[in-house]
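Only this structure's heavy atoms are used, side chains among them; waters, hydrogens and symmetry mates stay out. Here the structure is a predicted model, which is why all the values come from computation and not from measurement.
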Amino acid sequence: MKCLYCGCLESKVVDSRSAEDGTIIRRRRECLHCGKRFTTYETVETTPVLVVKANGTRQAFDINKIKNGIIKACEKRPVPASKIEKLTDDIQKKVYNSMAQEVSSKDLGEMVMEGLKEIDEVAYIRFASVYRSFTDISSFMKEVENIVKNKDK
């Protein structure tokens with residue numbers, strides 16, 4: 001690491017500690033040439049992932065948008081925050097582990113619905129009704145019937 005004061009490339013780490021939520025490491029360094037100390041931060045580099053919307057537009061992947069949608073679907077339901085957090089973490093891991101630079105909004109919606117189906121059926125129906133744009137009661141009823149049929153198996 002290049003010293004801020006003299007430009008020397010030789011330094012030693014004096015202290016390391018985790019910062020924020022464990023995603024950043026703060027390091028105190030000491031220059032071996034001039035002896036001055038400085039701080040550096042180390043983070044994991046992620047490649048940006050783009051979400052391809054149904055109309056073909058692209059936007060940056062934002063796990064908070066997904067989390068907000070899940071929270072809205074689970075509103076007034078007995079779903080612990082830990083389950084919502086785990087679902088969003090699982091979706092984020094799937095997206096980044098795929099190593100793809102683009103993911104379709106359809107695939108993201110399916111991941112959310114798959115997770116919600118196991119967490120809470122009412123939250124699943126709420127999310128599905130918005131995601132699948134139920135236009136009439138018959139399409140809504142078909143989805144409910146599928147849940148009941150699959151639950152009996």
Side-chain angles (χ1 to χ4, degrees), residues 1-4 9 11 13-29 37-153:
M1 186 61 62
K2 188 176 181 179
C3 175
L4 296 170
L9 293 174
S11 65
V13 175
V14 178
D15 180 43
S16 287
R17 60 180 71 163
S18 183
E20 291 190 20
D21 60 350
T23 59
I24 297 174
I25 297 176
R26 177 184 179 272
R27 298 194 193 280
R28 284 293 292 160
R29 297 178 176 271
R37 292 185 175 191
F38 56 98
T39 303
T40 60
Y41 293 91
E42 184 178 313
T43 61
V44 174
E45 183 179 27
T46 57
T47 53
V49 175
L50 297 176
V51 176
V52 181
K53 309 280 267 178
N55 64 5
T57 60
R58 287 164 169 72
Q59 64 181 180
F61 172 72
D62 183 2
I63 193 64
N64 290 319
K65 284 186 175 183
I66 294 170
K67 187 175 186 176
N68 290 337
I70 294 169
I71 289 170
K72 191 163 287 231
C74 294
E75 217 167 70
K76 297 182 182 179
R77 297 295 304 154
V79 178
S82 60
K83 286 192 175 186
I84 293 171
E85 195 68 38
K86 182 177 180 339
L87 177 56
T88 55
D89 286 348
D90 290 347
I91 290 169
Q92 187 171 25
K93 285 176 189 170
K94 279 183 189 175
V95 169
Y96 285 118
N97 286 342
S98 73
M99 300 300 286
Q101 291 181 339
E102 294 182 340
V103 62
S104 73
S105 58
K106 181 179 187 277
D107 290 344
L108 287 174
E110 293 297 326
M111 286 182 216
V112 172
M113 290 198 338
E114 185 180 305
L116 281 176
K117 191 182 276 188
E118 294 181 21
I119 293 173
D120 187 89
E121 292 167 342
V122 173
Y124 166 78
I125 288 293
R126 285 178 179 170
F127 188 87
S129 68
V130 174
Y131 173 70
R132 293 212 171 122
S133 303
F134 293 149
T135 53
D136 56 16
I137 195 72
S138 64
S139 57
F140 182 81
M141 287 304 295
K142 283 180 189 173
E143 194 64 39
V144 172
E145 288 168 1
N146 283 339
I147 289 176
V148 172
K149 186 171 66 176
N150 289 333
K151 191 175 184 177
D152 292 338
K153 289 182 181 179

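- Residues Arg29 and Thr40 bring a donor and an acceptor atom of their side chains to less than 3.5 Å of each other.
- Between Glu114 and Lys94 there is a salt bridge, with a side-chain nitrogen of the basic residue lying less than 4.0 Å from a carboxylate oxygen of the acidic one.
- Atoms CD1 and OH, on Ile24 and Tyr41 in that order, are 8.5 Å from each other to the nearest 0.5 Å.
- Shortest non-hydrogen contact noted between Leu87 and Met111 is CD1-O, 4.5 Å.
- Within the model, atoms OH of Tyr96 and CD1 of Ile63 stand 8.0 Å from one another, a figure rounded to the nearest 0.5 Å.
- In this structure, the side chains of Lys67 and Ile71 come closer than 4.5 Å at one or more pairs of heavy atoms.
- Separating the NZ atom in Lys53 from the CG atom in Leu108 is a distance of 9.5 Å, to the nearest 0.5 Å.
- Of all non-hydrogen atoms in Ala73 and Leu116, the two that sit nearest each other are CB-CD1, 4.2 Å.
- Separating the CG atom in Leu9 from the NZ atom in Lys2 is a distance of 7.0 Å, to the nearest 0.5 Å.
- Under the side chain to side chain donor-acceptor pair (under 3.5 Å) criterion, Ser129 pairs with no residue, sequence neighbours left out.
- Atom-to-atom distance recorded for Lys83:NZ and Glu118:CD is 10.0 Å, nearest 0.5 angstrom.
- Side-chain contact check for Met1 versus Phe38: some heavy-atom pair is nearer than 4.5 Å.
- Looking at Val103 and Val52, their side chains never come closer than 4.5 Å, going by heavy atoms from C-beta outward.
- Of all heavy-atom pairs between Ile66 and Phe61, the closest is CD1-CE1, 3.6 Å.
- Across all their heavy atoms, Ser16 and Val13 have their closest contact at OG-CG1, 3.5 Å.
- Here Arg58 contributes atom CZ and Ser105 contributes atom OG; the two are 11.0 Å apart, rounded to the nearest 0.5 Å.
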Could you give me the CA-CA distance, side-chain angles and deciding distance for Arg27 and Thr39, then say whether side-chain contact (heavy atoms from CB on, under 4.5 Å) is met?
-> CA-CA 6 Å; Arg27 298 194 193 280; Thr39 303; over 6 Å; no

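- In this structure the side chain of Arg126 never reaches within 4.5 angstrom of the side chain of Lys72, judged on heavy atoms.
- Across every non-hydrogen atom of Val51 and Ser104, the tightest pair is CG1-C, 4.5 Å.
- A heavy-atom distance below 4.5 Å is found between the side chains of Arg17 and Asp15.
- Nearest heavy atom pair, residue Pro78 against residue Asp120, reads CD-OD1, 4.4 Å.
- Using a 4.5 Å heavy-atom threshold, the side chains of Lys65 and Asp62 count as touching.
- Side-chain contact between Tyr124 and Ile119 is absent, with no heavy atoms from C-beta onward closer than 4.5 Å.
- Two residues are said to be in side-chain contact when any heavy atoms from C-beta on lie closer than 4.5 Å; Cys74 and Val122 fail this criterion.
- Among residues two or more places apart in sequence or in another chain, the side chain to side chain donor-acceptor pair (under 3.5 Å) test is passed with Arg26 by none.
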